[in-house]
Amino acid sequence: MDMTTYKLAVIPGPGIGGEVVPEAIRLLESTDLNFDCRYFEIGFEVWQQTGTPVPDDVLAGVRETQACLFGATTTPVGVPGYKSAIIMLRRSLGLYANVRPAKSYPTQKGMKDVDLVIVRENTEGMYSGWEFKLPDSAYTIRVISRKATERITRFAFELAMKRRKKVTVVTKANVLRVSDGLFLEVAHKVAEDFPDVEVEEAFVDVTAMRLILKPNIFDVIVTSNLFGDILSDESAGIVGGLGLAPSANIGADYALFEPVHGSAPRLAGKNIANPMAAIMASKMMLDYLGENSWAERIENAIVSVLKEGKVLTPDLGGSSSTKEVTDAIIDAL
Ligand code: NAI
Ligand code: MG
């Protein structure tokens, strides 16, 4: 009998994060796997109390676990000195690869035959955190380093080897000649180690359009932080919306899994947020932990609930609650 107990850090967060993550945990606990869940809080309130959005003792506690399931943060705009907690957490844990699959599932919403993954650089780019203000102007420093570009493009090529062997390197190198020039240079150097992978260069604006017109031409897209953030919400949209979109943040020795969506304050408290994105994130976590057969069973259970089309939240055209959808997925398991 397999008695492994997985140590998990769980950070549900505010808004619908606090509604969908407990559902994912409830589903995990309905399997025959064992979990030791340790709960943590990060974010704005924590910053108000302690002066940092991600205190050292939280980081230390998270580091004692094998993986993290995360819900959402709420980042108030225009509060001087405050920085996004999730961005800080990803950087502190060295989670350099943000992996966001967009796959067609049997739903009325969304396009057919899409199966792509956006690999987003997660530690620098436009989200370097280097911002400052002069009296009449404001600056953000876009950092592209050889080291971070090397590891993110290598990650993308390795992923492509397990898939359809195509990588699209997305930049705006015609305008951001220096920074994205370096990104492209490094990507092509890494590509030399993967002669079986087809490499394509594309600008971010044309990629935004092609994702809508012809999403099935893409396999793996690799890009810098801001572009990846935008394109991954777009790719979530073409396959049925944020209620279905999971993501993984992967580092050398740790990983954090979260829905692509945030705290969605307008939906919060109504028990109608779709739990599928968070449950798909927990499915990606099981793959990471090596529990591939449970991961596959969870995905199949979601597919069967979608196919049946009877128990769905409003974002997918249904009228069921968060909890009812989770119950249906657990039944299908
Ligand atoms: P959001 O992703 O929270 O929600 C956008 C819209 O998508 C919602 O209004 C809703 O219509 C729909 N939606 C999202 N998740 C859904 C679900 N599970 N089921 C059904 N519909 C769903 O983005 P928004 O409203 O721009 O941001 C709200 C807050 O969340 C902000 O403070 C933002 O900074 C934060 N945020 C945090 C993220 C994170 O922690 N990783 C990611 C995105 C936003
Ligand atoms: Mg985003």
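Residue numbers start at 1 and run along the sequence shown. Counting starts at 1 for both ligands and their atoms, following the listed order.
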With heavy atoms of [X] as the reference, note each atom of ligand 1 found under 4.0 Å away.
X: G243; value: 17 (C), 18 (N), 19 (N)
X: R266; value: 9 (O)
X: T74; value: 32 (O)
X: V260; value: 42 (C)

Would you say ligand 1 has an N or O under 3.5 Å from any N or O of F70?
-> no
Would you please determine whether S263 falls within less than 4.0 Å of ligand 1 on a heavy-atom basis?
-> yes
Any protein heavy atom nearer than 4.0 Å to atom 26 (O) of ligand 1 | no
State whether any protein heavy atom lies less than 4.0 Å from atom 3 (O) of ligand 1.
-> yes
Quick one: which of [options] has a heavy atom closest to [atom]?
atom: atom 28 (C) of ligand 1; options: P265, G237, G262; answer: P265
atom: atom 19 (N) of ligand 1; options: V20, I42, N274, I86; answer: N274
atom: atom 8 (C) of ligand 1; options: A264, A278, A85; answer: A264
atom: atom 32 (O) of ligand 1; options: D229, V325, D233, T75; answer: T75
atom: atom 21 (N) of ligand 1; options: L242, L316, L267; answer: L267

Before accepting this row, confirm whether a basic side-chain N of the pair K323/D327 lies closer than 4.0 Å to the acidic partner's carboxylate O.
-> no
Lys/Arg N to Asp/Glu carboxylate O, E23 vs R26, below 4.0 Å | yes
Could you pull out the closest heavy-atom pair between M126 and T140, with the gap in Å?
-> O-CG2, 3.4 Å
Determine whether R151 and T123 make a side-chain contact, defined as any pair of heavy atoms from C-beta on separated by less than 4.5 Å.
-> yes
On the ring face of F227, is R142 found with NZ or CZ under 6.0 Å from the centre and within 45° of the axis?
-> yes
Treating Ile, Leu, Val, Met, Phe, Trp and Tyr as nodes and any side-chain heavy-atom pair under 4.5 angstrom as an edge, say whether I25 and L333 lie in one connected cluster.
-> yes
Relative to each other, are the rings of F35 and Y6 parallel, tilted or perpendicular (30° and 60° limits)?
-> tilted
Ring geometry between F132 and Y139 (parallel below 30°, tilted from 30 to 60°, perpendicular above 60°) | parallel
The Mg ion (ligand 2) to D229: nearest N/O/S atom name = OD1
Any luck finding a side-chain donor-acceptor pair between T75 and Y82 under 3.5 Å?
-> no
